[in-house]
S.K.: 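If you scroll down you'll find the structure; I have some questions about it.
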2 protein chains.
Amino acid sequence: MTNMLYCFGESGNAYKAALALELASVPWAARFVDFFNGEARSLAFRAINRMGEVPVLDAHGTILTQSGVIQDWVMDETGKLCGDGSKATRREILRWTIFDNQKVSGQAGPLRFLMNFLPEDKRPQEVVAFMAGRLKAALLVLEAELATRDWLVGDSLTCADLSCCGYLYYDEPFTFDRAAYPAISAWLDRIAATPGWKHPYDLMQRAYPPA
Amino acid sequence: MTNMLYCFGESGNAYKAALALELASVPWAARFVDFFNGEARSLAFRAINRMGEVPVLDAHGTILTQSGVIQDWVMDETGKLCGDGSKATRREILRWTIFDNQKVSGQAGPLRFLMNFLPEDKRPQEVVAFMAGRLKAALLVLEAELATRDWLVGDSLTCADLSCCGYLYYDEPFTFDRAAYPAISAWLDRIAATPGWKHPYDLMQRAYPPA
């Protein structure tokens, strides 16, 4: 029995977990969640994760949910993707992970959903504009940080980078234009140049359009 | 020199840090941030925290930002508010902390801001309705969990509770009605009955209305 990751391709949150597992060389298999047919909200899935969300990692029977928790497990299990592994470094990684969950992925995920996976006549334009503004503010924080350094924490790729980049490789429009963020764009290229890196759609099965 | 927490009363994120410090009996002093006059976005403040946010803890020269990171530090320093302190328990606390930052506080904070701290004619009603729906979905997850247990993790108050309750004691309307969430309401009463508990406005100076 290997580590089983409940996921689907459109989820940048699942991608954060899948990419960490992949780059840390942890054996894992994808268990597809049919999100657009409501599987993540089903009673059966909520019995696994009451939060009704992917990713969920079944690590030989230990159930871990929230991408940041799965990344924490990967860092502990492998000693990889956590720089020098010191408590101070781990806290700095956690700092960016929480910032990402609230301000970067936390805006980009729903915004991309509204702009791409809802029928046009159902898209709340005022909400799209509001979330785009919040995402821009967060991206400007990332841009300022990455203008001064190659990686968010220390001098190597860590889970801080793998959290903040979670939604930024997707081609579907969500108001993120790489040309407007040169430091972020160069950083995304650095991450993508890491041996073993894969695009989310090459790591996980797509759930859209629903069957 | 004591531990200095950059904060203001209306910030539930600052409250999560202040309440953890207070209940773990860590000596601390508040350093008021004049949020509504823009101090958190000032160059001087961004030199302390590029994210331009409170809370920031200056722990004898070590700068910690993001409430979840400050809570992580409090648990490590004191061994309190983390149940049995096992890695599994700490991960479960982190799970709820990240869920809170993205789904509970991450919605309640901006929603409460829009509904109370913006002029009426500037409130984007479609955004308010959208965020209220997202907050309700997160509160229903909390309600379901708390219907089965007294505390979110283990059998005692932990930082998981102190994160998820961060915005829920405020009286300003943000579409949260305790009567609609009996398990959450009873849990908030349990937290408030903890010796040393204080309301955010009794722990931190209010910044609204701006001078």
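Computed over heavy atoms, backbone and side chain alike; hydrogens, waters and symmetry mates excluded. Bear in mind that the values here come from a model prediction, so they are computed numbers and not experimental data. By convention in this document, chain letters (A, B, ...) are assigned in the order of the sequence lines, proteins followed by strands, and residues within each chain are numbered from 1.
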S.K.: Checking Asp189(A) against Arg178(A) for the salt bridge (charged side-chain N to carboxylate O under 4.0 Å, His left out) test, could you report, in this order, the C-alpha distance in whole Å, the side-chain angles of both residues, the deciding distance, and whether it holds?
M.R.: CA-CA 11 Å; Asp189(A) 288 339; Arg178(A) 271 199 184 210; 2.9 Å; yes
S.K.: Can you say whether Leu142(A) sits under 4.5 Å from chain B via the side chain, the backbone, both, or neither, judging by heavy atoms?
M.R.: neither
S.K.: Identify which of Lys103(B), Gln66(B), Arg91(B) forms the greatest number of heavy-atom pairs closer than 4.5 Å to chain A.
M.R.: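 Of Lys103(B), Gln66(B), Arg91(B), Arg91(B) has the most heavy-atom pairs under 4.5 Å with chain A.
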S.K.: Does Arg31(A) make a cation-pi contact with Tyr6(A) (under 6.0 Å, within 45 degrees of the axis)?
M.R.: no
S.K.: Shorter than 4.5 Å, heavy atoms on both sides: which option in Pro110(A), Ala88(A), Pro124(A) has the most such pairs with chain B?
M.R.: Pro124(A)
S.K.: Quick one: sort the Phe36(B) and Phe8(B) rings into parallel, tilted or perpendicular, breaks at 30° and 60°.
M.R.: perpendicular
S.K.: At a heavy-atom separation under 4.5 Å, does Leu64(B) approach chain A through its side chain, its backbone, both, or neither?
M.R.: side chain
S.K.: How are the rings of His199(B) and Tyr201(B) set relative to one another: parallel (under 30°), tilted (30 to 60°) or perpendicular (over 60°)?
M.R.: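 Correct class here is tilted.
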S.K.: Would you please test Asp72(A) and Lys87(B) for salt bridge (charged side-chain N to carboxylate O under 4.0 Å, His left out) and show each step?
M.R.: CA-CA 10 Å; Asp72(A) 180 76; Lys87(B) 191 70 213 186; 3.5 Å; yes
S.K.: Determine the option with the most heavy-atom pairs under 4.5 angstrom with chain A, choosing from Glu53(B), Glu126(B), Gln102(B), Arg90(B).
M.R.: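 Ranked by heavy-atom pairs under 4.5 Å with chain A, first place is Glu126(B).
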S.K.: Is it the side chain or the backbone of Leu114(A) that comes within 4.5 Å of chain B heavy atoms, both, or neither?
M.R.: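 Contact with chain B is through the side chain of Leu114(A) alone.
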S.K.: Relative to chain B, which segment of Thr148(A) carries a heavy atom at a distance below 4.5 Å: side chain, backbone, both, or neither?
M.R.: side chain
S.K.: Distance under 6.0 Å and angle within 45° of the ring axis: does Arg112(A) meet both against Phe117(A)?
M.R.: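 Pair Arg112(A)/Phe117(A) does not count as cation-pi.
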